[in-house]
Amino acid sequence: MHTIAILALNDVVAFDLSTPIEVFGRTRLPDGRNPYRIRVCGPEPEVRSAAFTVKVSWGLEALAEAETIMVPGCSEQAAPPPPHVLEELRRAAAQGTRIASICSGAFILAAAGLLDGLTATTHWVAAAELAERFPLVDVRPDVLYVDSGQILTSAGAAAGMDLCLHMIRSDHGSAVAADAARLSVMPLEREGGQAQFIVHEHPPAPRGSVMEPVLAWIEDNLGHDLTLEEMAVRSGMSERTFSRRFREQTGTTPLQWLLRARVRRAQYLLENTDHGVERIAAQAGFGSPAAFRERFKRVVGTTPQAYRASFGGRRPLPAV
């Protein structure tokens with residue numbers, strides 16, 4: 001039987017802790033056997049979470065005995081992982097143990113040096129921080145999980161279930177994984193990655209800056225065919241000066257800012273109206289429905305139709 005040790009540290013996220021317990025614990029082979037043995041372990045006999053304290057039955061010795069180690073995330077208030085915990089993770093990795101993190105558990109793996117030189121992910125809200133704190137890690141904020149072989153990482157919350165199902169499929173095939181997915185009321189594979197859940201904020205321009213009026217004008221005219229020349233004229237600058245000032249104050253180029261603004265407008269319309277894709281493409285300023293679909297999928301990670309199916313359903317706005 002394959003032993004899975006789930007590492008519980010203080011301030012563990014309850015959802016992350018329970019996900020592998022439930023998904024692996026409910027898995028059944030065709031003959032009805034459960035192929036996994038679950039052991040929740042920790043450095044102390046009791047581990048606190050936000051709403052409760054849990055007693056763990058195994059200490060850190062369970063890490064050395066496991067074929068797989070799952071590392072749930074911890075809350076923002078959590079203290080840094082104890083050095084001896086990181087050492088045990090490094091020792092397990094050196095022995096070839098499969099190690100996977102859920103959500104912010106990636107920070108624990110990174111602190112142990114296990115993600116150095118690898119591609120990894122975490123919750124999109126924390127992705128920039130992970131990349132800043134651990135520059136040797138290639139952080140992908142747009143995917144649900146990353147399988148680097150021995151080391152695996154997942155994005156936040158439900159993405160931990162996607163990762164567990166992926167691991168079950170790797171261990172026992174698609175039929176067993178599909179059955180586990182049905183018990184979890186989850187699709188075995190979700191369309192799109194984490195990108196569709198990311199809230200894309202515009203890089204802010206300082207209050208009172210020379211860019212503030214032109215940015216507002218761009219927002220009001222997204223449906224028109226705006227050019228760099230028109231934006232520069234609106235700002236009263238040459239194209240070269242406008243581009244330089246724009247990057248200084250927003251951190252991006254005028255074209256990239258415009259494209260991101262158009263995608264955000266399209267997301268809003270998909271969520272709040274019943275307009276067709278052709279109409280939304282025009283309202284958001286894309287040259288054609290095909291150009292709209294291509295850009296939307298590149299930024300959001302899924303199609304406009306799939307995005308509406310996931311996030312639409314609000315009361316439609318009055319037709320204009």
Side-chain angles (χ1 to χ4, degrees), residues 124-125 127-129 131-132 135 138-143 192-308 310-312 314 316-320:
W124 61 266
V125 169
E129 181 184 354
E132 180 179 358
D138 178 16
V139 180
R140 290 281 308 276
D142 56 343
V143 297
Q194 189 179 193
Q196 62 190 302
F197 302 99
I198 298 175
V199 177
H200 295 285
E201 300 290 352
H202 289 312
R207 288 283 184 181
S209 72
V210 295
M211 288 301 158
E212 193 171 15
V214 73
L215 291 179
W217 176 79
I218 294 172
E219 286 276 10
D220 291 339
N221 291 275
L222 290 176
H224 297 95
D225 185 18
L226 301 179
T227 65
L228 178 61
E229 180 183 6
E230 289 174 311
M231 290 186 278
V233 169
R234 187 75 185 185
S235 69
M237 307 176 197
S238 68
E239 291 184 31
R240 183 174 181 179
T241 300
F242 174 72
S243 296
R244 178 171 55 81
R245 293 277 184 86
F246 197 99
R247 180 179 284 278
E248 288 173 353
Q249 295 189 19
T250 68
T252 189
T253 67
L255 178 59
Q256 289 300 317
W257 198 97
L258 175 62
L259 289 173
R260 183 56 55 85
R262 284 175 167 161
V263 169
R264 280 180 54 82
R265 175 66 58 83
Q267 287 179 295
Y268 178 82
L269 293 171
L270 288 166
E271 293 173 16
N272 293 281
T273 76
D274 57 0
H275 299 169
V277 168
E278 291 77 10
R279 183 175 179 182
I280 290 176
Q283 288 175 307
F286 291 94
S288 68
F292 166 50
R293 290 187 178 95
E294 190 277 332
R295 172 59 59 174
F296 191 89
K297 186 163 188 179
R298 183 183 301 179
V299 173
V300 183
T302 190
T303 65
Q305 292 89 340
Y307 184 86
R308 169 172 274 166
S310 296
F311 299 100
R314 302 179 187 176
L317 297 176
V320 295

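Note that the structure is predicted; figures quoted are calculated from it, not measured. Sequence positions, counted from 1, serve as the residue numbers for this chain.
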Give me the atom names and distance for the closest heavy-atom approach of [X] to [Y].
X	Y	answer
P304	V277	CB-CG2, 4.4 Å
S288	A281	O-CB, 4.2 Å
W124	P141	CB-O, 3.9 Å

Does any non-hydrogen side-chain atom of [Y] lie less than 4.5 Å from one of [X]?
X	Y	value
F296	Q267	yes
M211	R245	yes
R293	F286	no
W217	M231	yes
N221	R234	no
R308	I280	yes
T252	F246	yes

I'd like to know if the side chain of [X] reaches the main chain of [Y], judged simply by a donor and an acceptor atom lying under 3.5 Å from each other, with no hydrogens or angles considered.
X	Y	answer
Q256	T253	no
R279	D274	no
S235	A232	yes

[atom1]-[atom2] distance between [X] and [Y], expressed to the nearest 0.5 angstrom:
X	Y	atom1	atom2	answer
Q283	L269	CD	CG	5.0 Å
T303	Q305	OG1	CD	5.0 Å
H224	L222	NE2	CG	10.0 Å
F242	E230	CZ	CD	11.0 Å

Is the [atom1] atom of [X] crowded by more than 12 outside heavy atoms at less than 6.0 Å?
X	atom1	result
E248	CD	yes
D220	CG	yes
E229	CD	no

**Study point:** Residues E294 and R298 bridged, charged N to O under 4.0 Å
**Key:**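 A salt bridge links E294 with R298.
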Practice item. Decide yes or no on side-chain contact (heavy atoms from CB on, under 4.5 Å) for R262 and L226, but give the supporting numbers first. Key: CA-CA 11 Å; R262 284 175 167 161; L226 301 179; 4.3 Å; yes
